[in-house]
Amino acid sequence: MSNNSSLVVVGAQWGDEGKGKVIDHLAVKADIVARFQGGNNAGHTVVYGANIFKLHHVPSGILNKDTLCLLGNGMVVNPLVLMEEMSELEKRGIDTSNLRISSKAHLILAYHEVLDEANEKMLGEKKIGTTGRGIGPAYADKALRRGIRAVELTDFSRFKKRLAEVLPLQNRFLQEIFDHPGYELEELAEKYRLAVEKLGPLVKDISLILNQGLAEKKRVLFEGAQGALLDIDHGTYPYVTSSSTVAAAAASGTGLGPQRLGQVLGVMKAYTTRVGEGPFPSEDVTEAGDQLRERGNEFGTTTGRPRRCGWFDAVIARYAAMINGLTGLALTKLDVLSGMEIVKIAVAYRCNGKEIRNFPSSIEELKLCEPVYETFPGWDEDISRVRSLDGFPTAAKDYIKALENSVGVKVDLLSVGPDRAQTIICPGSNLSNWFIEK
Ligand code: IMP
């Protein structure tokens, strides 16, 4: 491991790759876990013994009582949802006192959620299929310099003053374009009074905490949300989220220099899924796709929407490896493929009669792409209890090898079920150092 004390974990498909579980496993050795982008559009399901935790803002590291959990400046935070999430965790005996919010993170307020829904409605058939959590409007306000930052939560009168500055324009939008009554200042501000009280003390300079932590050789895990193909710059625009989801954003989204980032682990499912609209070349709308959805329980954590399912796409995986600088893969949900007669990998696309191996940057071109598959024999054995690479049936081992070859990056970690115990660190993996005692 080049930089033993930090590790970035990112989604390398269209989100929902199982990052929560992987991060939860790695967080056991982390002193600090930091999120750097997105908001409560993310949904991580973490299974810990008999407990199932659904996390939206809070990093999965919260389950380890000594881990400091940071919400970075690159995030958008819904104060009401965050409070609810914290109280849900506390009710179940999880201490949340180790959570800190960057003073520079932007807030998602009630009108952002309304605007998100209204924008989608206006787009009609061309809708993005957002999570409806107000993510796009909150980032738009940040870019338009009319956002409200978490630092305003440190004092109610300060929060209200800033709200008074931005609300008239928001109301004009809501009333004149979207036929919404708008919000009354007093009433809206009061809605957030408790959030100011509860969250205000957690608002800190995250950049300082992280830089000091790294100087003291603390181990830092950066927790990505969504996935490479949903990145605002590199994803399937406009069918993307509104933040930078790639590894480099871990630096700008927390206030660190890029040289402080260490290994970059890309989480990929052994097949592919997508929620929301937009092109998806290896989508399988036949029985095989339905089988993947049922066996993999592919329904959104945040919205409950059924996920679109298809085969592993090595074209997007190679692209994700390139734009993130992946040093290793975490391959999840391999167990879901047990019982499939054959398994397929899209190794290239055919587009306008030509075979292409690189991911097209135009979605119009992407829409015309047909996957070129390599097909492999499946396996029947239940692999969810296997705890070492040797224990896999030959067909599963061959599939992993073929996948590594088609992506050009080695698998460091394998996941064969939702529980922490159902995780295998591959021999010679870059991650072995992460688990070494300091
Ligand atoms: P937004 O992030 O809510 O604006 O949604 C934009 C697109 O990103 C939609 O296609 C969503 O389904 C997708 N998206 C956002 N968050 C996630 C996630 O955590 N997993 C998978 N897809 C997501």
Side-chain angles (χ1 to χ4, degrees), residues 7-20 22-23 35-39 41-44 74-75 128-131 135 139 222-253 258 261 263-283 307-308 310-333 345-347 349 356-363 365-366 369 371 403-404 406-413:
L7 172 65
V8 186
V9 180
V10 286
Q13 293 163 320
W14 273 288
D16 306 318
E17 300 92 349
K19 292 178 294 293
V22 171
I23 289 159
R35 268 195 67 183
F36 52 90
Q37 47 73 227
N41 46 350
H44 284 170
M75 286 188 71
I128 307 296
T130 71
T131 59
I135 306 296
Y139 276 115
F222 294 93
E223 170 174 338
Q226 291 83 45
L229 277 297
L230 288 172
D231 182 89
I232 182 86
D233 293 299
H234 304 288
T236 45
Y237 192 90
Y239 300 101
V240 293
T241 191
S242 303
S243 65
S244 192
T245 63
V246 291
S252 60
L261 306 178
Q263 302 281 324
V264 183
L265 183 68
V267 187
M268 298 185 182
K269 257 183 233 186
Y271 49 97
T272 313
T273 64
R274 173 165 204 171
V275 257
E277 310 303 316
F280 175 3
S282 71
E283 181 171 16
R307 295 177 184 143
R308 299 156 65 193
W311 298 106
F312 187 83
D313 183 339
V315 182
I316 68 165
R318 281 194 295 272
Y319 177 66
M322 176 177 78
I323 60 177
N324 281 293
L326 297 185
T327 55
L329 305 181
L331 191 65
T332 63
K333 294 191 125 174
I345 295 179
V347 290
Y349 297 152
I356 57 169
R357 288 184 58 81
N358 292 326
F359 190 70
S361 54
S362 133
I363 73 156
E365 193 182 341
L366 186 61
C369 288
L403 188 148
E404 281 179 327
S406 63
V407 183
V409 183
K410 288 257 173 246
V411 173
D412 278 339
L413 181 152

What residues, two or more places apart in sequence or in another chain, satisfy side-chain contact (heavy atoms from CB on, under 4.5 Å) together with [X]?
| X | result |
| --- | --- |
| V240 | I232, T236, Y237 |
| P371 | A346, Y373 |
| A249 | F36, S244, S252 |
| T130 | D116, E120, I128 |

Atom of [X], atom of [Y] and distance for their closest heavy-atom approach:
| X | Y | result |
| --- | --- | --- |
| P279 | I363 | CG-CB, 4.1 Å |
| A247 | L261 | O-CD1, 3.7 Å |
| F312 | A270 | CB-O, 3.5 Å |
| V22 | T332 | CG2-CG2, 3.9 Å |
| S243 | Q226 | OG-OE1, 4.3 Å |
| V347 | R357 | O-NH1, 3.5 Å |

[atom2] on [Y] to [atom1] on [X], rounded to 0.5 Å:
| X | Y | atom1 | atom2 | value |
| --- | --- | --- | --- | --- |
| E223 | K19 | CD | NZ | 8.5 Å |
| Y239 | L229 | OH | CG | 15.0 Å |
| M268 | L326 | CE | CG | 5.5 Å |

Donor-acceptor pair, distance only, cut-off 3.5 Å: does the side chain of [X] make one with the backbone of [Y]?
| X | Y | answer |
| --- | --- | --- |
| K269 | D16 | yes |
| R35 | G253 | no |
| T272 | W311 | yes |
| E283 | P281 | no |
| E404 | V411 | yes |
| Q13 | Y271 | yes |
| Q37 | A225 | yes |

Side-chain heavy-atom pair [X], [Y] within 4.5 angstrom cut-off:
| X | Y | result |
| --- | --- | --- |
| T241 | Y139 | no |
| I345 | S282 | no |
| L331 | L403 | yes |

**Request:** Enumerate the residue pairs fulfilling side chain to side chain donor-acceptor pair (under 3.5 Å) with a member in residues 314-327, sequence neighbours excluded, ordered by first and then second residue.
**Result:**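 Sorted pair list: Q263-T327.
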**Item:** For V409, the option from L265, V264, L329 that meets side chain to side chain contact (heavy atoms under 4.5 Å, CB included)
**Value:**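 Answer to the side chain to side chain contact (heavy atoms under 4.5 Å, CB included) test with V409 among L265, V264, L329: L329.
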**Message:** Check this for me: D233, atom CG, are more than 12 non-hydrogen atoms of other residues, nucleotides or ligands nearer than 6.0 Å?
**Reply:**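 Atom CG in D233 is crowded, with more than 12 foreign heavy atoms closer than 6.0 Å.
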**Request:** Only counting residues at least two apart or in another chain, list the ones meeting ring-ring contact (aromatic ring centres under 6.0 Å, His included) with F280.
**Result:**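 In terms of ring-ring contact (aromatic ring centres under 6.0 Å, His included), with neighbours along the sequence ignored, F280 is linked to W14.
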